[in-house]
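One-based numbering, in listed order, for ligands and for the atoms of each.
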Amino acid sequence: MIETRRHQGFGPTGVSSPGKVAFMCGIVGYVGPRDARSVILAGLKRMEYRGYDSAGIALVADGHIDIRKKSGKLANLVAELESNPIPASHQGIGHTRWATHGGPTDDNAHPHLGAAGRVALVHNGIIENFATLKAELSAQGVVFTSQTDTEVAAHLLGRAIESGLGLVEAMRSVVARLEGAFTLVAIDSQTPDTVVAARRNSPLVVGVGQGENFLASDVASFIEYTQEAIELGQDQIVEIKPDSIEVTGFDGSPATTRPYHIDWDLSAAEKGGYDWFMRKEIFEQPKAVADTLLGRINTDGELVLDEMNIEVSELRTIDKIIVVACGTAYHAGLIAKYAIEHWTRIPVEVDIASEFRYRDPVIHRSTLVVTISQSGETADTLQAIRHAREQHAKVISICNTNGATIPRESDAVIYTHAGPEIGVASTKGFTTQLIACYLLGLYLAQVRGNKFGDEIRSLVEELEAIPEKMDQVLDDLETVLTLAGNSLSEPSILFLGRHVGYPVALEGALKLKEISYLHAEGFAAGELKHGPIALVDKGLPIFVVVPPQGRDQIHDKVVSNIQEVRARGARTIVLAERGDEEAMAFADVFLPLPVVPTLFQPLLAILPLQVYACEVATLKGYDVDQPRNLAKSVTVE
Ligand code: AGP
């Protein structure tokens, strides 16, 4: 029973296995006897949760391609199609976008055209070398109409088709030039009854119909027509026609595929087979972290950040940083303080956004304000930005939503690439915010000369090893799921941590209280003896995050704190490095963590706490994705 919690007892999720889901645009392809417009719009609707910055559709009719695309929600595209109908067709592609490169505008919406409208293409992922390819195409006279990396692939495909290649071979020539993560789906006005796609590090699944076939980012988009599917493997190209499905490797070799039967209902399909979006998003974190790290080191081995529109010379004059955020994002900011101060020696203050401007903060032109926001629309944080800019501070925002208000009102942005976070309780938003904070700290250390290039690259390599270590934690949840089942009647649960473990304790408490409605509180472990220890009574569950061994004396002090509460009857749930015998000795329940550098331990320690909160709330029968009294984005002060 417990194991099914992770996968809901389902087989493959219809995308690559949990934790491996890539970027979160929604893609649909169709060929068959039905009205392609209806099939594609219905499929996009089923996947709108994957991205809703813009939507578009392209169909082949009478030997040419018709395209409609609009920024904003799918409803905008539907309205456009009503006022500007598209001809009937039985062959087409569609896309809902979660913007990564280029804001959510009509021009940046997919599909994108190549060869003067002969081919249309949609894309999910990031093409890391798009700038080089774009420069090459521009030098050859190609005129771009968007800021996207996708349009580069569309023009490469168009030029391959114009050179005389068929659609499959043209796609093969395109993927040979791309680096990064991508699912590409394309149609050619001169290749009837055909849709061709390619995938690398990004989901794509084939829906196998009778006299019709489907392509999609996940099965939710076609499950009402067929429950037979084929999961495509890495570096594969697929050609679908009404009565055939041909799969080959990027190198042209025949490919083995794995057909399977989908036994989900539609609701489960939209959650990738999980019971909650939150649980799905917990397991997406390894891939979300990997995606947020993608493309951050340039060909010279230097750290590069997207949309860092502040001159290096200005960054070198910064003499104070103030991090401003709310809730979970604030907890990420507390962790950022330890890392940025350690690497750059710049003093860092961390403020709750709703407190920031009322404390009359000391801000100069040499102050850098860093805001953190998953939604990019949090009113408290937005008002803090406006206050900071009135005081002539530079503002960098860390955000997960391309084109949101907060990035638009900032001087520079570091985008996380977690994809849409639907569950109100933030999970992948938090861990990808940490990644962005670490990248900012290392970037500042690089431009200010606090760290050598090799030191920075070594730390980035440690970060690049995190997704695998996250998977290790997420593959070993039996103990924490059992613990959740034994916690349902607890009146209160405490969380302790020291150094970067203290914000983890705060975040673990927030996760639990906001979805299970249990009282939970996080404390700095060293602060317990100054009052809160009076709360400790027999059997009180206390989670304790223990720093890595050998971390000065912090580790030993936390082990002492565990003994203090245990001596007073607490039930200690200890999160510590695997093999930490000292910590294990005082643990009623031990949750082992892989070995990582101290500053990066929050990326792993938070995972069992997220899973624990989700499981407690599930077992209590609450709506985990939409807890009472809460909203995903708090756009009021
Ligand atoms: C976290 O689980 C909560 N949903 C909430 O604290 C959230 O982190 C906070 O409202 C900030 O939201 P933002 O990141 O979108 O600005």
Side-chain angles (χ1 to χ4, degrees), residues 52 98 276-282 284-285 288 292 323-336 350-356 369-386 395-410 413-437 495 503-518 520-522 602 606-607 609-614 616-617 622-637:
Y52 30 76
W98 183 260
W276 303 111
F277 278 113
M278 180 186 180
R279 202 186 302 271
K280 173 170 170 278
E281 289 154 8
I282 286 171
E284 284 173 355
Q285 291 180 100
T292 302
V323 180
V324 184
C326 303
T328 289
Y330 168 71
H331 297 151
L334 289 173
I335 292 167
V350 188
D351 275 83
I352 290 172
S354 54
E355 290 292 318
F356 172 66
V369 169
V370 178
T371 68
I372 306 173
S373 176
Q374 190 284 133
S375 65
E377 299 298 344
T378 300
D380 289 325
T381 309
L382 180 58
Q383 292 307 325
I385 289 176
R386 291 172 179 167
V395 176
I396 294 179
S397 287
I398 290 170
C399 187
N400 189 46
T401 310
N402 197 306
T405 307
I406 283 175
R408 285 206 310 272
E409 296 202 15
S410 302
V413 188
I414 301 174
Y415 281 113
T416 53
H417 293 304
E421 187 175 64
I422 308 300
V424 164
S426 185
T427 51
K428 62 179 184 175
F430 176 69
T431 46
T432 52
Q433 284 162 0
L434 290 182
I435 295 293
C437 290
F495 294 76
V504 173
L506 296 175
E507 175 61 12
L510 174 60
K511 287 282 94 50
L512 185 61
K513 71 181 97 172
E514 70 175 323
I515 61 177
S516 75
Y517 317 145
L518 282 179
E521 198 165 350
I606 194 58
L607 300 177
L609 305 186
Q610 294 168 343
V611 170
Y612 175 77
C614 182
V616 169
Y622 295 144
D623 183 338
V624 170
D625 286 334
Q626 295 175 345
R628 69 186 183 196
N629 309 336
L630 289 174
K632 183 58 188 170
S633 178
V634 183
T635 55
V636 293
E637 284 190 86

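A donor-acceptor pair shorter than 3.5 Å cannot be found between the side chains of K511 and T427. For the residue pair S426/Q374, the side-chain donor-acceptor check at 3.5 Å is not satisfied. Inspection of the T371 and S397 side chains reveals an N or O donor paired with an N or O acceptor under 3.5 Å.
The single protein non-hydrogen atom nearest to atom 14 (O) of ligand 1 is Q374 N, 2.7 Å, given as residue, atom name and distance. Of the protein's heavy atoms, E514 OE1, 3.5 Å lies nearest to atom 3 (C) of ligand 1. Ranking protein heavy atoms by distance to atom 15 (O) of ligand 1, first place goes to S375 OG, 2.7 Å. Protein heavy atom in closest approach to atom 10 (O) of ligand 1: V634 CG2, 4.1 Å. T378 OG1, 2.5 Å is the protein heavy atom nearest to atom 16 (O) of ligand 1. In terms of protein heavy-atom proximity, atom 11 (C) of ligand 1 is nearest to C326 O, 3.5 Å. If you check which protein heavy atom lies closest to atom 4 (N) of ligand 1, you get V424 O, 2.7 Å.
Within 6.0 Å of the CD atom in Q626, the count of heavy atoms belonging to other residues, nucleotides or ligands does not exceed 12.
Contact atoms of ligand 1 toward S373: 13 (P), 14 (O), 15 (O), 16 (O) (distance under 4.0 Å to a heavy atom of the residue). Every atom of ligand 1 with a heavy atom of K511 under 4.0 Å away is listed here by number and element: 1 (C), 2 (O). Heavy-atom contacts of T328 reach the following atoms of ligand 1: 1 (C), 2 (O), 6 (O), 8 (O) (cutoff under 4.0 Å). Under a 4.0 Å criterion applied to the non-hydrogen atoms of A425, ligand 1 contributes the atoms 2 (O). Atoms of ligand 1 lying under 4.0 Å from at least one heavy atom of S426, given by number and element, are 1 (C), 2 (O). Near G327, with a cut-off below 4.0 Å to any heavy atom, the atoms of ligand 1 are 6 (O).
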Checklist line | Candidate pair Q285 and Q610, rule side-chain hydrogen bond (donor to acceptor under 3.5 Å, both in side chains), full reasoning | finding: CA-CA 11 Å; Q285 291 180 100; Q610 294 168 343; 2.6 Å; yes
Next item on the list: Would you check, one step at a time, whether the test side-chain contact (heavy atoms from CB on, under 4.5 Å) holds for I422 with D625?
Entry: CA-CA 7 Å; I422 308 300; D625 286 334; 5.9 Å; no
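When each of L434, V413, I372 is paired with I398, the side chain to side chain contact (heavy atoms under 4.5 Å, CB included) condition holds for I372 and for no other.
A salt bridge between E421 and K428 is absent, with no side-chain N of the basic residue lying under 4.0 Å from a carboxylate O of the acidic one.
A donor-acceptor contact shorter than 3.5 Å is absent between the side chain of E284 and the backbone of A418.
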